[in-house]
Amino acid sequence: MAEGEYMTEVERRRAKKRKKMVRNVRRVIKGVLLMPGKIPPIDDRTVGAAMKACETFGVLFVGTLIAHLISESSAVSVINVLMGLIFFGLLFFIKLAGYQDRLIREELSNFIYIR
């Protein structure tokens, strides 16, 4: 706006709604990002077991991918999807544990954790 021009009432309401919407979006994003800090942390033994299982299912997933390239059987396809879901689920679980650990180190966790 040029100097001396004033906002109309409609523009003022739009600006106020925009600020409110931005504030709400920021609050939701912050809540989603800090959500893993509100659940009990995953311990190191569980992460170690999940890593071993993830390696195993990763190898099985690659094997089923190769089997799927060789023969396009529906049974192989189902097993392939199942192995992929398990592999990526374990991978997500391991990443969640690392993210929780980071939240605890940076003191952004709301969970009271006593070792």
Notebook entry, point to check: Is there a side-chain contact between Arg13 and Val10 (heavy atoms, below 4.5 Å)?
Noted result: yes

Checklist line | Interatomic spacing from CD in Glu11 to CZ in Arg18 - rounded to 0.5 Å | finding: 10.0 Å

Sequence neighbours left out, cut at 3.5 Å: what donor-acceptor pairs do the side chains of residues 69-77 make with other protein atoms?
unit_1: Ser73; atom_1: OG; unit_2: Ala75; atom_2: N; d: 3.3
unit_1: Ser77; atom_1: OG; unit_2: His68; atom_2: ND1; d: 3.3
unit_1: Ser77; atom_1: OG; unit_2: Ser73; atom_2: O; d: 3.1

Checklist line | Co-membership, hydrophobic cluster, residues Ile86 and Ile94, 4.5 Å side-chain | finding: no

Next item on the list: Mind checking side-chain hydrogen bond (donor to acceptor under 3.5 Å, both in side chains) for Arg102 and listing every partner two or more places apart, or none if nothing turns up?
Entry: Glu106

Next item on the list: Kindly give the cluster partners of Leu85, where membership spreads through any ILVMFWY side chain lying under 4.5 Å from a current member.
Entry: Val81

Notebook entry, point to check: In the hydrophobic cluster built from side-chain contacts under 4.5 Å, what are the other members alongside Phe92?
Noted result: none

Margin query: If you define the side chain from C-beta out and look only at heavy atoms, does anything of Asn24 sit under 4.5 Å from Arg27?
Written below: yes

Item checked: Set of side-chain hydrogen bond (donor to acceptor under 3.5 Å, both in side chains) partners for Arg12, sequence neighbours left out -> Glu9

Note to self: Are Leu65 and Leu90 connected into the same hydrophobic cluster when the rule is that any two of I, L, V, M, F, W, Y join if their side-chain heavy atoms are below 4.5 Å apart?
What the structure shows: yes

N/O donor to acceptor pairs below 3.5 angstrom from side-chain atoms of residues 45-61, sequence neighbours left out:
unit_1: Thr46; atom_1: OG1; unit_2: Asp43; atom_2: OD1; d: 2.3
unit_1: Thr56; atom_1: OG1; unit_2: Lys52; atom_2: O; d: 3.0

Notebook entry, point to check: From Leu96 CG over to Gln100 CD, what is the distance, rounded to the nearest 0.5 angstrom?
Noted result: 4.5 Å

